[in-house]
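Take a look at the structure set out below.
Only this structure's heavy atoms are used, side chains among them; waters, hydrogens and symmetry mates stay out. For ligands, and for the atoms within them, numbers begin at 1 and follow the listed sequence.
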Amino acid sequence: MLKVSTVRAFADNFIWLIHSPMDARTVVAVDPGDAAPVEAALLKHGLKLAGILLTHRHADHVGGVEQLSQGRTLKIFGPRAEKVPGETQPVGESDVVTFESLGLSFRVLDIPGHTLGHIAFVGHGAVFCGDTLFSAGCGRVFEGTPEQMSQSLAKLASLDEDTLVYCGHEYTVNNLHFALAVEPDNAASVEYLEQCRGLRTRDEATVPSTIRRERNVNPFLRCHLQTVKQAAEGKAARRLQNTVEVFAVIRQWKDGFTA
Ligand SMILES: [Zn+2]
């Protein structure tokens with residue numbers, strides 16, 4: 001299984017360090033929004049940075065790229081449809097990103113919605129999905145349409161259920177409060193909230209999740225179910241015709257939700 005280290009940045013960002021299966025001291029960073037905590041982690045654990053993967057152009061995901069590039073030769077991959085800093089190799093749907101000497105390779109998925117060019121990296125039993133899929137939630141639809149976002153989430157939900165989900169933020173507990181507002185009787189969410197509260201009390205990360213778990217607790221992946229549809233119709237006070245309409249209503253509901 002892939003070894004991945006967690007680096008915290010800002011209030012609740014995750015920067016992931018993917019260790020080479022061939023040399024555990026060499027890593028690839030995912031979404032380094034801030035260089036300082038990455039440099040600190042490299043120094044502390046005696047690691048060498050060999051590359052960077054970028055899911056989308058927001059500053060809290062790319063802000064550290066230029067500083068980390070100084071004095072290093074890095075292979076940097078980022079979304080073809082967005083302008084990101086550094087000497088980035090642009091990639092998109094079905095491209096394969098390979099770090100040959102590290103034994104690492106990832107398939108790229110286009111997952112527009114949060115931003116129009118947002119991509120995910122899938123490989124070695126893991127998905128790095130930035131701000132599209134969160135544990136028990138999803139990113140705000142800033143640039144795309146609810147239809148695009150809902151298709152992108154469906155694409156991620158169709159990955160193997162054992163796939164580990166490495167997302168961009170620690171939002172799980174708040175997301176679960178919302179998930180339980182939508183589906184109060186979802187026992188999996190009740191249990192998961194209890195578990196995540198325990199982790200957060202000890203200042204431990206709730207991520208990675210798995211696709212299996214997200215299918216069971218994440219209301220944004222469950223818009224096809226009667227429970228979620230009925231809650232959305234109650235909120236909207238009208239009949240909803242399809243899963244995209246259900247998604248749009250619960251996404252808007254979440255935007256104004258405070259736990
Ligand atoms: Zn973002």
My understanding is that only residues two or more places apart in sequence, or in another chain, count here; which of them pass side chain to side chain contact (heavy atoms under 4.5 Å, CB included) with Glu233?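 In terms of side chain to side chain contact (heavy atoms under 4.5 Å, CB included), with neighbours along the sequence ignored, Glu233 is linked to Lys229, Arg239, Leu240.
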Once the angle between the rings of Phe142 and His114 is folded into 0 to 90°, is it parallel (under 30°), tilted (30 to 60°) or perpendicular (over 60°)?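 The arrangement is tilted - the two ring planes meet at 30° to 60°.
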Any idea how His169 and Tyr171 line up, ring-wise: parallel (<30°), tilted (30 to 60°), or perpendicular (>60°)?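 Parallel, since the angle between the ring planes stays under 30°.
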Just to verify, what does Glu82 make a salt bridge (charged side-chain N to carboxylate O under 4.0 Å, His left out) with, not counting sequence neighbours?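 Testing Glu82 for salt bridge (charged side-chain N to carboxylate O under 4.0 Å, His left out), a comparison that skips the adjacent residues, returns none.
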Taking salt bridge (charged side-chain N to carboxylate O under 4.0 Å, His left out) as the test, write out the residues that go with Asp162, two or more places apart.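 Salt bridge (charged side-chain N to carboxylate O under 4.0 Å, His left out) list for Asp162, sorted by chain: Arg212.
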Keeping to distances under 2.8 Å, can you name the protein N/O/S atoms close to the Zn ion (ligand 1)?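 Per the 2.8 Å query on the Zn ion (ligand 1), atoms found are His56 NE2, His58 ND1, His114 NE2, Asp131 OD2.
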Is a side-chain N or O of Arg222 found less than 3.5 angstrom from the main chain of Arg215, in a donor-acceptor match?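 Looks like yes, one N/O pair under 3.5 Å.
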